[in-house]
Protein chains: 2
Amino acid sequence: MNEYDVKNEVSDKYSLRGRVFSKIREDILSGKYKEHEELKEVAIGEEMGVSRTPVREAFRQLELEGLIQIIPNRGAYVTGISAKDVRDIYMIRSRLEGLCARWATANITKEQLDEMEENVYLAEFHAGKGHLDQITELDNRFHHIMYEACNSKMLEHLLVDYHQYVQRVRQKTLSTVNRSTESNKEHRALMEAIKAGNADLAEKLAHEHMIKAYNNMVKNGLLDATGNSSGDESMDHPEIED
Amino acid sequence: MNEYDVKNEVSDKYSLRGRVFSKIREDILSGKYKEHEELKEVAIGEEMGVSRTPVREAFRQLELEGLIQIIPNRGAYVTGISAKDVRDIYMIRSRLEGLCARWATANITKEQLDEMEENVYLAEFHAGKGHLDQITELDNRFHHIMYEACNSKMLEHLLVDYHQYVQRVRQKTLSTVNRSTESNKEHRALMEAIKAGNADLAEKLAHEHMIKAYNNMVKNGLLDATGNSSGDESMDHPEIED
DNA sequence: TTGTGTATCATTGTATACATCGGAACAGAT
DNA sequence: ATCTGTTCCGATGTATACAATGATACACAA
């Protein structure tokens with residue numbers, strides 16, 4: 001990998017702007033800033049002890065990431081996520097996770113496969129004990145291992161982005177022990193397919209895994225748990241058979 | 001569509017920053033700024049008669065779009081596109097265009113379908129005459145009609161982005177009359193599937209269309225036509241059967 | 001010749017000053 | 001009461017000043 005191969009990254013984690021960017025991002029994803037809330041440059045700057053300049057630059061990036069919307073000469077507002085957005089993202093992800101699984105089948109390293117096996121093993125253990133925090137963490141990690149293993153910075157970046165994006169509404173999706181048990185089974189099957197080098201199966205399983213995760217989320221009505229993610233939409237939440 | 005539904009857009013086309021952003025973007029996509037070329041804030045600012053502030057903000061956005069890379073305290077450099085990047089993007093697009101075609105099948109309006117039919121008809125005419133400029137324009141437009149018809153701002157934004165991104169290396173892909181004739185056939189078949197409401201077929205055809213376009217590009221070695229898009233990579237350009 | 005330290009300077013990072021926009025409150029007319 | 005225009009002011013848009021970084025060139029020693 002040459003020096004030009006690092007793409008689509010916020011290269012600067014240590015400058016003021018980089019820290020401001022990360023902080024606002026986290027605050028939005030964690031829910032500190034609510035949907036449609038206005039973000040003021042001076043206020044955020046003062047909170048972090050910096051001037052407006054780095055804040056403004058961070059705003060521009062957050063806008064492109066889709067987390068805020070900037071209305072010229074008016075202000076920056078936390079983007080609302082509608083139920084349809086969530087649905088679209090999950091469908092997009094279903095295709096891309098499938099492609100990612102296919103590529104991971106060809107490119108996964110022994111170390112990555114080992115970590116994946118350990119991950120599945122641990123997840124089954126914690127599911128049995130009902131440790132929700134660990135289950136969620138392991139679930140996230142499983143997907144990130146696959147993102148890394150696919151050996152495509154382009155695809156990895158896209159999937160990481162969407163993954164974080166839906167965290168806002170997803171937070172408690174795995175809260176039901178039932179789903180986590182199912183989810184683990186799907187992870188294990190996917191891992192086995194990757195291990196066996198069966199790319200077609202891996203793509204299919206990763207695709208279905210995402211569809212099932214979405215359907216489970218809809219079934220439990222968890223979109224509504226975050227406030228008005230769906231409340232201001234006339235759309236119902238149809239399950240998807242794809 | 002309510003006021004919050006406009007997502008992931010650079011909202012401000014008329015401010016200095018908006019214009020700077022668009023101009024630099026075009027200059028990169030058109031090839032005025034070469035790969036790995038350094039962009040200096042002051043120089044670009046002077047060229048457009050503005051100060052560094054709007055230029056810097058534009059840079060931050062261009063970085064997130066993947067067109068430039070910013071190295072802290074050093075500078076901004078036009079991102080190189082490797083042959084692998086192009087391959088990855090085409091594979092990603094193949095999945096997403098498939099999904100887009102599926103959704104378009106469900107959501108396309110009569111007007112959009114009419115325009116699509118006209119587009120296909122005109123493209124066949126110009127292919128017969130060998131009008132390359134019109135063929136390219138119509139090809140782009142065909143895809144954009146489908147992007148709009150899928151009724152998902154999320155997906156549309158993603159596909160438009162990638163479409164523009166690969167313009168840099170794609171420019172002359174359709175230059176062979178052979179390919180444009182084939183491509184037109186594929187467009188027609190895709191349109192017919194959408195018109196007939198056959199979502200499965202539409203997805204499959206859109207997917208294959210992208211794979212074929214990529215394979216054609218590789219076969220004609222057109223990646224190399226843009227300079228060092230592939231020259232500095234040890235990767236060969238395998239065709240993809242997917 | 002090679003290496004190391006240092007001065008220099010172009011360039012970026014950040015803060016601040018000034019310009020401009022647009023919403024809110026209010027006054028007056030209808 | 002409602003509408004309209006005006007003033008005010010908080011917030012963003014842009015320019016500029018100052019700080020800090022790092023690449024380069026050069027002097028000097030080994």
Side-chain angles (χ1 to χ4, degrees), chain A residues 2-4 6 9-25 27-28 33-79, chain B residues 2-4 6 9-25 27-28 33-79:
Chain A
N2 65 45
E3 68 174 304
Y4 302 113
V6 180
E9 306 270 334
V10 174
S11 49
D12 186 0
K13 282 191 286 218
Y14 304 103
S15 67
L16 292 186
R17 184 200 51 78
R19 292 212 303 277
V20 170
F21 176 82
S22 301
K23 171 134 198 335
I24 301 175
R25 197 171 196 288
D27 285 345
I28 292 175
Y33 299 132
K34 306 272 187 286
E35 289 192 359
H36 305 158
E37 180 171 345
E38 181 170 3
L39 302 181
K40 306 229 174 86
E41 295 173 356
V42 183
I44 289 180
E46 281 180 355
E47 189 183 336
M48 300 196 60
V50 300
S51 75
R52 288 173 54 212
T53 307
V55 176
R56 280 182 61 83
E57 293 182 10
F59 274 19
R60 298 303 176 190
Q61 299 189 287
L62 289 162
E63 181 182 36
L64 239 66
E65 286 215 330
L67 289 177
I68 67 176
Q69 181 185 9
I70 298 176
I71 301 175
N73 289 312
R74 282 225 276 143
Y77 303 85
V78 178
T79 306
Chain B
N2 66 44
E3 66 172 306
Y4 301 114
V6 181
E9 306 271 332
V10 173
S11 48
D12 184 1
K13 281 192 284 218
Y14 305 103
S15 67
L16 292 186
R17 185 200 52 78
R19 292 212 304 276
V20 171
F21 176 84
S22 302
K23 171 129 196 341
I24 301 175
R25 195 171 197 287
D27 286 345
I28 292 175
Y33 299 131
K34 305 274 185 288
E35 291 192 358
H36 305 157
E37 182 171 344
E38 180 169 5
L39 303 182
K40 306 230 176 82
E41 295 173 356
V42 183
I44 289 181
E46 282 180 353
E47 190 183 336
M48 301 197 60
V50 300
S51 74
R52 290 172 54 212
T53 308
V55 177
R56 281 181 61 82
E57 293 181 9
F59 274 19
R60 298 303 176 189
Q61 299 189 285
L62 289 163
E63 181 181 35
L64 239 65
E65 287 214 331
L67 290 176
I68 67 175
Q69 180 186 9
I70 298 175
I71 301 176
N73 289 311
R74 281 224 276 146
Y77 302 85
V78 177
T79 307

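Small disclaimer: the values here were computed from a predicted structure and weren't measured.
- By the side-chain contact (heavy atoms from CB on, under 4.5 Å) test, A:Ser22 pairs with no residue at all, sequence neighbours left out.
- Here the P atom of nucleotide C:dT14 and the CD atom of B:Glu41 are 11 Å apart, to the nearest Å.
- Distance CD1/B:Ile24 to CG/B:Leu62: 5.5 Å, rounded to 0.5 Å.
- Taking atom CG of B:Leu16 as the reference point, atom C1' of D:dT12 lies 13 Å away to the nearest angstrom.
- Taking B:Glu46 as the reference, B:Val42 meet the side-chain contact (heavy atoms from CB on, under 4.5 Å) condition, with sequence neighbours excluded.
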Can you build the contact string for nucleotides 19-24 of chain C? Use B for base contact, S for sugar-phosphate-only contact, and - for no protein heavy atom under 4.0 Å.
--SSS-
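- Picking from C:dA15, C:dG13, D:dT14 the nucleotide with the shortest atom distance to the side chain of B:Arg17 gives D:dT14.
- Across the helix from C:dT1-D:dA30 to C:dT30-D:dA1, the helix axis at one end is tilted relative to the axis at the other end by 10° (nearest 10 degrees, each axis from five pairs).
- Judged as a salt bridge (charged side-chain N to carboxylate O under 4.0 Å, His left out), and not counting sequence neighbours, A:Glu38 has no contacts.
- Heavy-atom distances under 4.0 Å link DNA chain C to A:Val50, A:Ser51, A:Arg52, A:Thr53, A:Pro54 of residues 45-59 of chain A, given in residue order.
- By the salt bridge (charged side-chain N to carboxylate O under 4.0 Å, His left out) test, B:Arg56 pairs with A:Glu57, B:Glu41, sequence neighbours left out.
- The side-chain hydrogen bond (donor to acceptor under 3.5 Å, both in side chains) check on B:Asp27 picks up B:Lys23, with sequence neighbours excluded.
- To the nearest 0.5 Å, atoms CD (A:Gln69) and CZ (A:Arg74) are separated by 9.5 Å.
- Between A:Phe59 and A:Ile44, some side-chain heavy-atom pair lies under the 4.5 Å cut-off.
- Residues satisfying the salt bridge (charged side-chain N to carboxylate O under 4.0 Å, His left out) test with B:Lys34, not counting sequence neighbours, are none.
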